[in-house]
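Heads up, the thing below is written out as structure tokens.
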Number of protein chains: 2
Amino acid sequence: MPRQKANIDRVFHALGDPTRRAIVERLSEAPISASHLATPLKITVAAVVQHLQILEKSGLVRTTKVGRVRTCRIEPKGFSVAEQWIGERRSMWEKRFDRLGDFLAEPEE
Amino acid sequence: MPRQKANIDRVFHALGDPTRRAIVERLSEAPISASHLATPLKITVAAVVQHLQILEKSGLVRTTKVGRVRTCRIEPKGFSVAEQWIGERRSMWEKRFDRLGDFLAEPEE
DNA sequence: ACGATACTTAAGTATCCGCTTGACAATAGG
DNA sequence: CCTATTGTCAAGCGGATACTTAAGTATCGT
């Protein structure tokens, strides 16, 4: 599997979980520590750390540890993978709609 | 849970599976029947139908049955839910970067 | 009418995933 | 130093999920 494809997998899989999206929403407002992330989510810190590992490997989040606190922040570049994938699909079906009428069926075979 | 939030859930969950994304990629090129979708995926038609149900409930795909063949096509509007969610996050962290320097940490508490 | 095609539905299975618990490590603060 | 805080790691549990198989329905072509 090509490297880029594997990354698309990781990104969409990461965004597929509601808790991880809640983390992303939180981090979009401000960087914050792992334990502070956990509090409003009603799950243990251990669970949050597991989510953070997935988010970090997907490139959506970056974390840095200083002292005993791990500060988490959004990695904006990571999201362009998802936006690009959707964008590519969109350009495809828009191209089709240009060639043919929107509502005219053109089933294959 | 607000209706819109539930839909975001469905959309990202649907896109979280690689097989379903493969289906979306295929449908972006042209509408196609369920059994034709199955062939290159190396899974049974029954499995494809299950994926189609999820994709349809998420609003990403629309299917219409005429005679015995169910034709599947992309529902472009469905994708804007995902694009919008990402777009909202992006505008948030960009706003932060305007107020402060990009690299200046501002951890909460 | 009959067989083949295209899908549908239900049930079962095996794997994955999110989460907890509990034990541990490292740092901060009095 | 001693204790509280913050995070890490490993193991395990239960439920979700992606798939298969098998049996059924509806439609098409001859």
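No experiment lies behind these values; they were computed from the predicted model shown. Throughout, a chain's letter reflects where its sequence line sits, starting with A, and its residues are numbered from 1.
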| message | Angle between ring planes, Trp85(B) versus Phe79(A), binned at 30° and 60°: parallel, tilted or perpendicular? | response |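 Ring orientation, 0 to 90° scale: tilted.
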[X] to [Y] - nearest heavy-atom pair and separation:
{"X": "Ser80(B)", "Y": "Lys77(B)", "value": "OG-O, 2.5 Å"}
{"X": "Pro40(B)", "Y": "Leu37(B)", "value": "CD-O, 3.2 Å"}
{"X": "Ser58(B)", "Y": "Val11(B)", "value": "O-CG2, 3.4 Å"}
{"X": "Ala34(B)", "Y": "Leu52(B)", "value": "CB-CD1, 4.0 Å"}

Can I get a per-line list of side-chain donor-acceptor pairs under 3.5 Å for residues 14-22 of chain B, giving both atom names and the distance, sequence neighbours left out?
residue: Asp17(B); atom: OD2; partner: Thr19(B); partner atom: N; Å: 3.0
residue: Asp17(B); atom: OD2; partner: Arg20(B); partner atom: N; Å: 3.0
residue: Arg20(B); atom: NE; partner: Ala14(B); partner atom: O; Å: 2.9
residue: Arg20(B); atom: NH1; partner: His51(B); partner atom: ND1; Å: 3.1
residue: Arg20(B); atom: NH2; partner: His13(B); partner atom: O; Å: 3.3
residue: Arg21(B); atom: NH1; partner: Leu15(B); partner atom: O; Å: 2.7
residue: Arg21(B); atom: NH2; partner: Asp9(A); partner atom: OD1; Å: 2.4

What is the distance, rounded to the nearest whole Å, between atom [atom1] of [X] and atom [atom2] of [N]?
{"X": "Lys42(B)", "N": "dT20(D)", "atom1": "NZ", "atom2": "C1'", "value": "17 Å"}
{"X": "Ile43(A)", "N": "dG7(D)", "atom1": "CD1", "atom2": "P", "value": "13 Å"}
{"X": "His36(B)", "N": "dT5(C)", "atom1": "NE2", "atom2": "P", "value": "12 Å"}
{"X": "His13(B)", "N": "dG18(C)", "atom1": "NE2", "atom2": "P", "value": "10 Å"}

Using a cut-off of under 3.5 Å, enumerate the N/O to N/O pairs linking the protein to nucleotides 21-27 of chain D.
residue: dT27(D); atom: O2; partner: Arg68(B); partner atom: NH1; Å: 3.2

| field | Of Arg20(B) and Val69(A), the one whose closest DNA chain D nucleotide lies more 5' | value |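 Counting from the 5' end, the first nearest nucleotide belongs to Val69(A).
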| field | From CZ (Arg73(B)) to CH2 (Trp93(A)), nearest 0.5 Å | value |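 Nearest 0.5 Å value for the CZ-CH2 distance: 14.0 Å.
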| Reckon His51(B) has a side-chain N or O less than 4.0 Å from the OP1 or OP2 of dC19(D)? |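 The answer is yes; a side-chain N or O of His51(B) sits under 4.0 Å from OP1 or OP2.
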| Phosphate contact (dC19(D) OP1 or OP2) by Thr19(B) side-chain N/O below 4.0 Å |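 Result: yes.
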| said: Closest-nucleotide mapping onto DNA chain C: is Asp17(A) or Val45(B) further toward the 5' terminus? I mean the 5' end. | reply: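 Result of the comparison: Val45(B).
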| field | Helical bend (five base pairs per end, nearest 10°) for the helix from dA1(C)-dT30(D) to dG30(C)-dC1(D) | value |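 Computed angle between terminal axes is 30°.
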| query | Does Arg90(B) come within less than 4.0 Å of Glu83(A), counting only side-chain N to carboxylate O? | reply |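 Counted as a salt bridge, because a side-chain N and a carboxylate O are separated by less than 4.0 Å.
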